[in-house]
Every structure is written in C-alpha cells, then in structure tokens.
Amino acid sequence: MKRYDSLVKSRGQAIQIPNISNLTVTAKAANTDVTTQAITETSTTLTINKWYESSFGIEDMAAVQSNYDLRSEYSQKAGYAIAKQVDTDVLGLYTGLTTTDVGTYGTDISDSTIVSAILTLNLNDMPLENRAMIIHPSQMAAIMRIDKFVKADYLGEYNQPTPVKRGPNSRYMWGQIYGVPVYYTNNVPANAGTPTQYHNLLIHKEAFALALQQAPRLQAAYWLPSLAWRVVVDVIYGVTALRTTGGVEMRS
C-alpha cells in the first residue's frame with residue numbers, strides 16, 4: 001500500500017490524493033504544435049479518523065513477585081495489538097475494490113484461482129512490481145497440497161522441490177508464487193458461517209493508502225493511589241482504498 005505519513009505529521013484531518021491516470025500518445029506532424037492533453041483528475045480523500053489505544057496496569061505487588069519484567073512483556077503485547085488493528089483496517093478495504101472476485105467461498109484457493117487473480121491485475125494494467133498476495137494460513141496449507149508446487153517430478157528439478165521460494169525479509173512472508181510475494185496472516189477478513197468466507201487478496205501497492213499521523217507511541221506513568229504503573233500505547237491514522245482496480249479478492 002502507499003504511505004502518506006509525511007503529509008499528516010504536523011497537522012490536518014484529511015488529505016486529497018490525486019488519482020493520476022495514464023496518458024495517451026498522438027502522432028506528431030511536421031511544423032505543427034503538439035496536442036496537449038487536458039488534466040482533469042479527480043482525487044481520493046484520506047481522512048485521519050482512527051485513534052486506538054491498548055493499555056494496562058501493573059501493581060507493585062505483581063511486579064515485585066514476578067521473575068519477569070512485566071512492563072516490558074506487556075508493552076510488546078500492547079504494541080502487537082495496535083499493529084493488528086492497523087492491519088485489520090487496511091485489509092478491510094477489500095470491500096472498496098471494483099474488480100470481479102475470483103474463487104469460491106468454502107473452496108480452497110487453487111492454481112486456477114491464483115492465475116485468474118494475476119490475469120485480472122494484468123488486464124487492469126497494474127505493474128508486475130509491488131504486488132503482494134495476502135492469504136489466510138488455511139490457504140497456505142491448501143496451496144502446499146497442490147502437486148505442481150511441491151512435487152519434484154512435476155518440476156523436473158529434484159534439487160529445487162518447490163517454486164514457492166521462501167522470503168527471509170519478513171516473518172510473515174511465506175515465499176513467492178509466479179513472482180508474487182505471498183504473505184499469510186490470521187487478520188485476513190472473514191465472515192463466520194457455513195462455510196466461513198475468507199477474503200484473501202492479491203493487491204498492488206496502489207490499491208490501498210495508509211497515513212500514520214501519530215506512529216504507535218508508548219507512555220507510562222506511576223499512579224500513586226493504585227500503587228501501580230499505568231502504560232498506554234496509542235496510534236492515530238487513516239486508511240482508504242486508493243486505486244480500486246488495483247486489487248482482487250481471492251475467495252475461499
């Protein structure tokens with residue numbers, strides 16, 4: 001996704017992001033002026049309207065009797081909770097995509113589903129670079145059961161048993177399929193039911209936008225009436241769908 005943190009660091013409640021469309025070409029004739037294209041772009045509003053906190057208190061007795069640094073341990077948990085909320089809001093933007101979904105609810109992602117999703121972005125002129133596939137862990141397991149991705153006799157490369165190349169740059173990056181980085185997360189939006197509907201995604205960076213006006217910060221203060229440390233982690237940000245043809249839902 002595209003980041004606009006720098007535009008809201010100082011102040012402001014919303015930013016206008018211009019929607020930059022592609023240009024066309026015109027044949028140039030000798031001794032004539034060029035044909036200037038009129039710029040009549042629309043814009044997308046990104047509103048800074050999300051403020052979340054995760055807080056806890058540790059009384060002196062618990063701190064004294066513990067063999068662990070409880071403040072440090074729970075501070076990490078609070079930071080994780082904040083990051084998960086931001087993640088959830090970004091992934092929830094799938095509802096703003098205007099592309100046709102691929103796959104079927106209640107049916108695992110197949111090779112055909114992946115190819116259809118890639119084709120959708122290709123037809124929408126989305127660059128091959130800066131794409132990412134975001135899937136639920138259950139679908140990572142489903143892809144691992146597809147023979148062409150795991151069996152050496154399908155690949156003809158016995159020293160390289162799978163085309164799913166592992167990526168070391170992120171703990172949640174599983175690898176690459178057809179050149180697209182694949183990430184897995186339990187934060188993939190889901191609707192409980194029979195079957196449960198998972199909204200996996202193939203997106204380009206331009207599909208979604210995020211602006212952190214205040215990055216996650218940790219503040220702590222000792223509260224004498226409670227004989228306890230109170231710790232708060234909070235964040236202020238906004239998200240929006242930016243290029244609605246830049247992503248496709250992969251149903252499962």
Is there side-chain contact between Glu53 and Val233, with heavy atoms separated by less than 4.5 Å? no

Quick one: do Ile17 and Leu93 end up in the same hydrophobic cluster if we chain Ile, Leu, Val, Met, Phe, Trp and Tyr together by side-chain heavy atoms under 4.5 Å apart? no

Among residues two or more places apart or on two chains, list those pairs meeting ring-ring contact (aromatic ring centres under 6.0 Å, His included) that have a residue in residues 206-252. Tyr222-Trp229

Between Gly106 and Pro195 the two heavy atoms that sit nearest each other are CA-CG, 3.5 Å

Flag, side chain of Thr99 to backbone of Gly247, donor-acceptor distance under 3.5 Å: yes

Atom pair CD (Gln197) and CZ (Arg251), whose distance is rounded to the nearest 0.5 Å: 7.5 Å

Given the rule that I, L, V, M, F, W and Y join up when any side-chain heavy atoms are under 4.5 Å apart, are Ile82 and Met1 in one cluster? yes

Side chains of Val248 and Thr100: does their closest heavy-atom pair fall under 4.5 Å? no

Between the main-chain N or O of Ile109 and the side-chain N or O of Gln139, is there a donor-acceptor pair closer than 3.5 Å? yes

Quick check: do Ile143 and Ile177 have side-chain heavy atoms less than 4.5 Å from each other? yes

Which heavy-atom pair separates Gly246 from Ala207 by the least distance, and what is that distance? O-CB, 3.6 Å

Does Leu46 belong to the same Ile/Leu/Val/Met/Phe/Trp/Tyr cluster as Trp51, with side-chain heavy atoms less than 4.5 Å apart forming each link? yes

Which distance, rounded to the nearest 0.5 Å, do you find between the CG of Leu70 and the CD of Gln65? 10.5 Å

For Asp60, enumerate each residue passing the salt bridge (Lys or Arg N to Asp or Glu O under 4.0 Å) test, keeping only those at least two apart in sequence or located in another chain. none

Look up atom CZ in Arg243 and atom OG1 in Thr44, then write down how far apart they are to the nearest 0.5 Å. 11.5 Å

Taking C-beta and beyond as the side chain, do Glu249 and Val102 meet within less than 4.5 Å on heavy atoms? no

CA sep, side-chain torsions, deciding dist, call: Val188, Ile134, side chain to side chain contact (heavy atoms under 4.5 Å, CB included): CA-CA 7 Å; Val188 166; Ile134 305 170; 4.2 Å; yes

Could you go through Lys2 and Leu242, starting from their C-alpha distance and side-chain angles, then the distance that decides it, and tell me whether this counts as side chain to side chain contact (heavy atoms under 4.5 Å, CB included)? CA-CA 9 Å; Lys2 299 195 74 172; Leu242 186 58; 3.9 Å; yes

Is there a side-chain contact between Thr104 and Thr113 (heavy atoms, below 4.5 Å)? no

Between Thr196 and Ala190, what is the shortest heavy-atom contact and its length? CG2-CB, 4.2 Å

Would you say Leu212 ends up clustered with Tyr4 if hydrophobic residues are merged whenever their side chains have heavy atoms under 4.5 Å apart, either directly or through other cluster members? no

One pair to check against side chain to side chain contact (heavy atoms under 4.5 Å, CB included): Ser252 and Asn200. What are the steps and the verdict? CA-CA 7 Å; Ser252 68; Asn200 311 279; 2.8 Å; yes

Would you list the pairs meeting side chain to side chain donor-acceptor pair (under 3.5 Å) in which at least one residue belongs to residues 68-82, sequence neighbours left out? none

Between the CE atom in Met140 and the CE atom in Met144, the distance rounded to the nearest 0.5 Å is 6.0 Å

For residues 120-133, please give each side-chain donor-acceptor pair under 3.5 Å, one per line with the distance, not counting sequence neighbours.
| from | atom 1 | to | atom 2 | distance (Å) |
| --- | --- | --- | --- | --- |
| Thr120 | OG1 | Ser116 | O | 3.0 |
| Asn122 | OD1 | Arg131 | NH1 | 3.1 |
| Asn122 | OD1 | Arg131 | NH2 | 2.7 |
| Asn122 | ND2 | Ile118 | O | 3.4 |
| Asn124 | ND2 | Thr120 | O | 3.4 |
| Asn124 | ND2 | Thr245 | O | 3.1 |
| Arg131 | NE | Pro127 | O | 2.9 |
| Arg131 | NH2 | Met126 | O | 2.7 |

Does either side chain, that of Ser226 or that of Glu59, offer a donor lying less than 3.5 Å from an acceptor on the other one? no

Going by heavy atoms in the side chains, are Ile236 and Lys50 under 4.5 Å from each other? no

Apply side chain to side chain contact (heavy atoms under 4.5 Å, CB included) to the pair Ile135 and Tyr183, showing each step before the final yes or no. CA-CA 6 Å; Ile135 60 176; Tyr183 296 85; over 6 Å; no

Between Thr244 and Thr98, do the side chains contain a donor N or O and an acceptor N or O under 3.5 Å apart? yes

Main-chain N/O of Ala209 paired with Lys205 side-chain donor or acceptor, under 3.5 Å: no

Can you name the one residue among Thr88, Asp87, Asp89 that meets side chain to side chain donor-acceptor pair (under 3.5 Å) with Gln85? Asp89

Taking only residues two or more places apart in sequence or in another chain, which ones pass salt bridge (Lys or Arg N to Asp or Glu O under 4.0 Å) with Arg217? Asp234

Between the side chains of Thr45 and Gln16, is a donor N or O closer than 3.5 angstrom to an acceptor N or O? yes

Min side-chain heavy-atom separation Val232-Leu218 under 4.5 Å: no

Pairwise distance CG(Asp5) to CD(Gln213) - rounded to 0.5 angstrom: 10.0 Å

Find out if a path of hydrophobic residues (ILVMFWY) with successive side-chain heavy-atom gaps under 4.5 Å connects Ile114 to Tyr105. no

Show me the pairs that pass salt bridge (Lys or Arg N to Asp or Glu O under 4.0 Å) and involve residues 106-118, at least two apart or across chains. Asp108-Arg145, Asp111-Lys148

